[in-house]
2 protein chains.
Amino acid sequence: MPGRNGKGPAWWRGKFRGCGYRLTVPRETIIEVLSKAAKHLSAEEIYLAVHKVYPAIGLTTIYRTLELLVQIGLVFKFDFGDGRARYELAEGPKGIRQHYHLVCTNCGRVIDYTDFIDEAKEFLSQTMKALTEKYNFKIANHLIQFYGLCEKCQK
Amino acid sequence: MPGRNGKGPAWWRGKFRGCGYRLTVPRETIIEVLSKAAKHLSAEEIYLAVHKVYPAIGLTTIYRTLELLVQIGLVFKFDFGDGRARYELAEGPKGIRQHYHLVCTNCGRVIDYTDFIDEAKEFLSQTMKALTEKYNFKIANHLIQFYGLCEKCQK
DNA sequence: TTGGGAATGAAAACCATTACCATTTAGGAG
DNA sequence: CTCCTAAATGGTAATGGTTTTCATTCCCAA
């Protein structure tokens, strides 16, 4: 099961070489951090995590690498409206990660839900097919967010 | 048909008074601009539009008012990842506006689609009901975005 | 091993948004 | 209608996440 431990020939290396990008310690470490993170991290959180392993890292490199990873399609970039972007691996061991969120418009809390996805699948596949045809738009990913008040903020 | 012209007793005034907020020229003008805009505008675009009618307007007031309108639920705030937020009236003459987008990850173009919404309705109502129950989350609005490459950027 | 372009990191620049504060204004009380 | 007071405004300065600049370092193909 390649890519599960830190040493094996990671599944994403081919993507780098294929695009002509170099494999460097900062880049590997950033992907390592992202793959171990359960949730969407901010640039600063990634910086701090990488810094523990590779103290020479610069914040600039974090941003540059993330931009590159987003470009390649390895990473997904979110914006929940709190002024800082969040990043998450687009792919995981179980395939494409899903991005379904409940966003509290009062406190900013974000709940990732993974339920009710089967119901979404059919609707999504139909809609994507139709949109692709009508707008000639090549869909690579999608995002569904519900906004409202979380349990605490309803009081 | 109240609220269609600039003088009639606009449909949103009650919302202001009810919350204890004052009716001012800047606020009225900002809502006016938003209601005439077909699409999501950035703060600066709103500023420029208001400035034509009310040159004394300050950018600070634009931001403050938009924040208020978002709070009240009159306006919806988007973030497409280009570093500036976009704003759009949450309600329109035809009721709640829908927020379904195709976002090009290459050029940043945003396509609003209004097709295939009926198919979404059933799925959404079911999912919202289930999410509301499971997470005790009071859903007020939702957003569906598909990311990919637009027609031009596929070449 | 070596050459050269890609990648890096520190510091400065950038820019949308927010905070500060003195002034003006809406709108209810009298 | 006039006063009064808290709310609202707007110019300016500050904030803070992100990007640019540029000299230095590093990957890697030959």
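Lettering follows sequence order; numbering is per chain, from 1.
Between C:dT8, C:dT18, D:dT9, one nucleotide has an atom nearer to the side chain of B:Tyr63 than all others, and that is C:dT18. In this structure, the nucleotide among C:dT8, C:dG5, D:dA8 sitting nearest to the side chain of B:Arg22 is D:dA8. Of all nucleotides listed (C:dG27, D:dG10, D:dA8), D:dA8 comes nearest to the side chain of B:Tyr21. The side chain of A:Tyr54 has C:dG9 as its nearest neighbour among C:dG9, D:dA8, D:dG10. Of the candidates C:dA7, D:dT9, C:dT17, the closest approach to any side-chain atom of B:Pro26 belongs to D:dT9. Of the candidate nucleotides C:dC21, C:dT8, D:dG17, C:dT8 has the atom lying nearest to any side-chain atom of A:Arg27. Picking from D:dT18, C:dA19, C:dT17 the nucleotide with the shortest atom distance to the side chain of B:Thr60 gives C:dA19.
Between the CZ atom of B:Phe16 and the C1' atom of D:dA7 there is a distance of 13 Å, given to the nearest Å. Rounded to whole angstrom, the span from the CG atom of B:Leu68 across to the C1' atom of C:dA26 amounts to 15 Å. If you measure from atom CG of B:Leu59 to atom P of D:dA14, you get 18 Å, rounded to the nearest angstrom. The CD1 atom of A:Ile30 sits 13 Å away from the P atom of C:dA7 (whole-angstrom rounding). Rounded to whole Å, the distance from CD1 on A:Ile62 to P on C:dG9 is 8 Å. In this structure, B:Arg84 places its CZ atom 15 Å from P of D:dT18, rounding to the nearest Å. One interatomic measurement links the two molecules: OH of A:Tyr47 to P of D:dG16, which rounds to 17 Å at whole-angstrom precision. In this structure, A:Glu44 places its CD atom 9 Å from P of D:dT18, rounding to the nearest Å.
With DNA chain C read from its 5' end, the first of the two nearest nucleotides for B:Thr24 and B:Asp79 is the one closest to B:Asp79. Between B:Tyr87 and B:Arg64, the residue whose closest nucleotide on DNA chain C is further toward the 5' end is B:Tyr87.
Open room surrounds CD on B:Glu122; 12 or fewer heavy atoms of other groups in view lie less than 6.0 Å from it.
Inspection of the B:Tyr147 and B:His101 side chains reveals no N or O donor paired with an N or O acceptor under 3.5 Å.
Under the 4.0 Å criterion applied to side-chain N and carboxylate O atoms, B:Lys39 and B:Asp112 are not assigned as salt-bridge partners.
Phosphate proximity of C:dA26 to B:Arg17: absent, as no side-chain N or O sits under 4.0 Å from OP1 or OP2.
Taking all atoms of both residues into account, the shortest heavy-atom contact from B:Tyr87 to B:Leu34 is O-CD2, 3.9 Å.
Ring-plane geometry between B:Tyr135 and A:Tyr113 is classed as tilted, the angle between the planes lying from 30 to 60 degrees on a 0 to 90 degree scale.
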